[in-house]
Amino acid sequence: MAGNSVNLPHATRRRSTLAFKFLIPFVLVLSVSVIAVTQYFQSISYFLRPLWDTPPKPFTRIPHYYAPNMSMHQLCQLHGWGILSSPRRVFDAVLFSNELDVLEIRYHELFPYVDRFVILEANATFTGIPKSLTFFENLNRFAFASSKIVYDMLPIGELDPDSRRMPFLVEAGHRRALNNLLKRSGIAVGDVLIMADADEIPSPETVQLLKWCDGIPPIMHLELKNYMYSFEYHVDQNSWRTTAHVFTERTKYQHSRQTDLMLADAGWHCSFCFREIKEFAFKMKAYSHADRVKHDIFLNPDRIQRVICNGDNIFDMLPEEYTFSDLFKKMGPIPRSASAVHLPSYLIRNADSYRFLLPGGCLRPG
């Protein structure tokens with residue numbers, strides 16, 4: 001009897017064996033699921049965004065009218081605005097990192113209409129990577145605008161580990177420093193201040209409205225056509241962060257939503273529009289979304305070149321959309337455009353120097 005007590009009944013042993021057989025695949029599936037969720041959390045989150053996030057309030061778009069050879073009086077009147085007896089001054093303020101070619105196009109395009117170009121450059125990126133003073137080292141390319149440029153360098157020391165992990169806070173510090181530079185730029189109450197990143201370019205037609213029209217909103221966003229890698233890849237019309245302010249003593253440089261009003265079709269935003277592959281890799285590591293570089297292979301020059309020519313997402317991400325309809329529309333490569341019409345005129349007049357920004361110019365030097 002004592003010997004038989006240690007022997008489990010056959011049915012019990014069989015149930016234990018079956019339970020163990022089911023436990024192994026369960027543990028494997030659970031492990032794989034945890035790894036998959038950890039690895040692809042961002043993609044899963046973006047795919048399900050329409051379920052967990054609420055879209056922002058829609059902008060009230062101000063129709064934008066323009067035709068060649070119309071007087072400013074006619075154009076202002078079409079917008080429901082009056083005409084000033086003399087133009088306002090316009091100040092164009094940007095933070096600069098390494099967008100040298102796009103900034104050159106911007107300054108040439110806007111030179112006849114902007115009174116001061118205010119530009120701040122730091123010796124380190126938002127993520128704490130030391131960088132050269134690219135603008136300062138290439139001042140010769142901007143000699144044509146030297147009389148209008150107000151420049152300063154922001155010295156950045158060694159960032160503490162917390163700051164390196166929070167680049168948006170570092171970026172906010174840069175924008176505060178730009179406010180201090182604006183105070184020294186000579187801007188006055190009643191002038192117009194354009195707040196933008198260097199690759200967000202208002203059109204000359206837009207700037208002329210800001211200079212000449214009486215009764216423009218004190219703050220309005222500028223709707224820009226959104227491009228990626230070059231003007232061959234038109235993403236959408238949804239770039240909205242650029243703003244135009246009628247300056248007051250309370251005006252502060254910001255790059256976020258500040259009003260519900262937005263002037264339609266007001267310029268161009270060309271993101272990651274660089275001449276060389278190394279510039280793409282640098283920005284990927286340098287700007288506030290550097291956490292999107294999930295793997296070292298993302299920075300591989302061959303991969304970056306392939307992404308550019310295919311119109312793929314450089315971070316291998318899903319579109320950031322609030323409805324499944326918009327999400328599915330934008331999944332996959334950005335469609336190529338063969339049109340180089342209604343682009344910055346300086347770009348077209350100097351097409352030989354900027355082939356990489358035009359249709360058919362996706363190949364970049366390594």
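Remember, it's a predicted structure, so these values are computed and weren't measured experimentally.
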Item to check | Test item: side-chain donor near acceptor, E200 and T242, under 3.5 Å | outcome: yes
Checklist entry - Heavy atoms, side chains only, cut-off 4.5 Å: are V150 and L182 in contact? => result no
Checklist entry - Within 45° of the ring axis of F315 and under 6.0 Å from its six-membered ring centre, is that where the NZ or CZ of K294 lies? => result no
Item to check | Under 3.5 Å donor-acceptor, N350 side chain and S353 backbone | outcome: no
Next on the checklist: Looking only at the aromatic ring of each residue, does the gap between the centers of F142 and F135 stay below 6.0 angstrom?
Outcome noted: yes
Next on the checklist: Are the side chains of S132 and E137 in contact, using a 4.5 Å heavy-atom criterion?
Outcome noted: yes
Next on the checklist: Ring centroids only, cut at 6.0 angstrom: are W268 and Y227 within range, meaning strictly under it?
Outcome noted: no
Checklist entry - F328 versus P319: any side-chain heavy-atom pair under 4.5 Å? => result no
Next on the checklist: Is there a side chain to side chain contact (heavy atoms under 4.5 Å, CB included) between V118 and D92? Walk through the geometry before answering.
Outcome noted: CA-CA 6 Å; V118 183; D92 178 61; over 6 Å; no
Checklist entry - Would you say the side chain of D115 lies within less than 4.5 Å of the side chain of K148, judging by non-hydrogen atoms? => result no
Checklist entry - Ion pair present between D199 and R106, side-chain N to carboxylate O less than 4.0 angstrom? => result no
Checklist entry - Is the NZ or CZ atom of K283 both under 6.0 Å from the centre of the six-membered ring of F274 and within 45° of that ring's axis? => result no
Checklist entry - Do W81 and L75 have side-chain heavy atoms sitting under 4.5 Å apart? => result no
Checklist entry - Short question: side chain of E109, backbone of S345 - any donor-acceptor pair under 3.5 Å? => result yes
Next on the checklist: Checking the side chain of N226 only, and the main-chain atoms of N238 only, is there a donor and an acceptor separated by less than 3.5 Å?
Outcome noted: no
Next on the checklist: Between Q237 (side chain only) and L224 (backbone N and O only), is there a donor and an acceptor less than 3.5 Å apart?
Outcome noted: no
Next on the checklist: Under the salt bridge (Lys or Arg N to Asp or Glu O under 4.0 Å) definition, can you give me all pairs with a residue in residues 58-84, not counting sequence neighbours?
Outcome noted: R61-E223
Next on the checklist: Looking only at side-chain N and O atoms, does S71 offer a donor or acceptor that is under 3.5 Å from a partner on Q74?
Outcome noted: yes
Checklist entry - Looking at side-chain heavy atoms only, is the closest gap between L357 and L347 below 4.5 Å? => result yes
Item to check | SB check R292 D316 (cutoff 4.0 Å) | outcome: no
Item to check | Electrostatic pair K131-E121, nearest N-O below 4.0 angstrom | outcome: yes
Checklist entry - Quick one: do K225 and D236 make a salt bridge, cutoff under 4.0 Å? => result no
Next on the checklist: Please check: side-chain N/O of H221 versus main-chain N/O of Q258, any donor-acceptor pairing under 3.5 Å?
Outcome noted: yes
Next on the checklist: For S86, give me all partners under side-chain contact (heavy atoms from CB on, under 4.5 Å), at least two apart in sequence or on another chain.
Outcome noted: none
Next on the checklist: Salt bridge or not between D191 and R88? Use side-chain N to carboxylate O under 4.0 Å.
Outcome noted: no
Checklist entry - What do you reckon, is CZ of F136 surrounded by more than 12 foreign heavy atoms closer than 6.0 Å? => result no
Checklist entry - Please, which pairs that meet disulfide bond (SG atoms under 2.5 Å apart) have at least one residue in residues 59-138, sequence neighbours excluded? => result C76-C213
Checklist entry - Hey, are E104 and Y354 close enough side-chain-wise for a donor-acceptor pair under 3.5 Å? => result yes
Checklist entry - Does the side chain of T127 pick up a donor-acceptor pair with the side chain of T125 at under 3.5 Å? => result yes
Identify each donor-acceptor pair in which a side-chain atom of residues 172-181 lies under 3.5 Å from a protein atom, sequence neighbours left out, and give them as a table.
from, atom 1, to, atom 2, distance (Å)
R175, NE, E171, OE2, 3.4
R175, NH2, E171, OE2, 2.5
N179, OD1, Y253, N, 2.5

Checklist entry - Does a side chain donor of either D326 or T323 reach within less than 3.5 Å of an acceptor in the other side chain? => result yes
Checklist entry - Looking only at atom types and distance, does a side-chain atom of E279 sit under 3.5 Å from a main-chain N or O of E276, one as donor and one as acceptor? => result yes
Checklist entry - What's the spacing between I201 CD1 and L110 CG if we round to 0.5 Å? => result 7.5 Å
Checklist entry - How far apart are the C-alpha atoms of F111 and F144, what are their side-chain angles, what is the distance that settles it, and do they pass the side chain to side chain contact (heavy atoms under 4.5 Å, CB included) test? => result CA-CA 9 Å; F111 180 77; F144 70 93; 4.2 Å; yes
Item to check | Centroid-centroid under 6.0 Å between Y107 and F117 rings | outcome: yes
Checklist entry - Could you go step by step and tell me if F356 and D101 meet the side chain to side chain contact (heavy atoms under 4.5 Å, CB included) rule? => result CA-CA 10 Å; F356 67 99; D101 290 295; 3.9 Å; yes
Next on the checklist: Could you check whether R364 makes a cation-pi contact with Y229, meaning its NZ or CZ is under 6.0 Å from the centre of the six-membered ring and within 45° of the ring axis?
Outcome noted: no
Checklist entry - Going through the distances and angles, do D260 and K57 end up as a salt bridge (Lys or Arg N to Asp or Glu O under 4.0 Å)? => result CA-CA 8 Å; D260 292 337; K57 180 182 177 182; 2.9 Å; yes
Item to check | Hydrophobic cluster (4.5 angstrom, side-chain heavy atoms) - remaining members for L84 | outcome: none
Checklist entry - What's the shortest heavy-atom distance between A351 and L358, and which atoms? => result CB-CD1, 3.7 Å
Item to check | Selection residues 302-348 - residue pairs positive for disulfide bond (SG atoms under 2.5 Å apart), sequence neighbours left out | outcome: C309-C362
Checklist entry - If we ignore angles and hydrogens, is there a donor and acceptor under 3.5 Å between the side chains of S45 and R49? => result no
Next on the checklist: Can a donor-acceptor pair be found, under 3.5 Å and without considering hydrogens, that links the side chain of H64 to the backbone of D265?
Outcome noted: yes
Checklist entry - Taking all non-hydrogen atoms of both residues, which atom of M262 and which atom of L222 are closest, and how far apart? => result CG-C, 4.0 Å
Item to check | Intermediate values then yes/no, side chain to side chain contact (heavy atoms under 4.5 Å, CB included), M284 and L299 | outcome: CA-CA 8 Å; M284 292 170 72; L299 302 173; 4.0 Å; yes
Next on the checklist: Within the supplied structure, the quantity of interest is the number of heavy atoms (other residues, nucleotides, ligands) at a distance under 6.0 Å from K330 NZ; does it exceed 12?
Outcome noted: yes
Item to check | Donor-acceptor pair, side chain of H79 and main chain of Y65, under 3.5 angstrom | outcome: yes
Checklist entry - Hey, what's the ring geometry for F59 with W240, parallel, tilted or perpendicular (30° and 60° as the breaks)? => result tilted
Item to check | Heavy-atom check, side chain of F324 versus side chain of P50, under 4.5 Å | outcome: yes
Next on the checklist: Between H295 and F298 (judged by ring centroids, cut-off 6.0 Å), do the two rings come close enough to count as a pair?
Outcome noted: yes
Item to check | Audit row: T243, Q254, side chain to side chain donor-acceptor pair (under 3.5 Å) steps and yes/no | outcome: CA-CA 9 Å; T243 48; Q254 299 180 58; over 6 Å; no
Item to check | Atom CG of D296 with >12 non-hydrogen neighbours under 6.0 angstrom | outcome: no
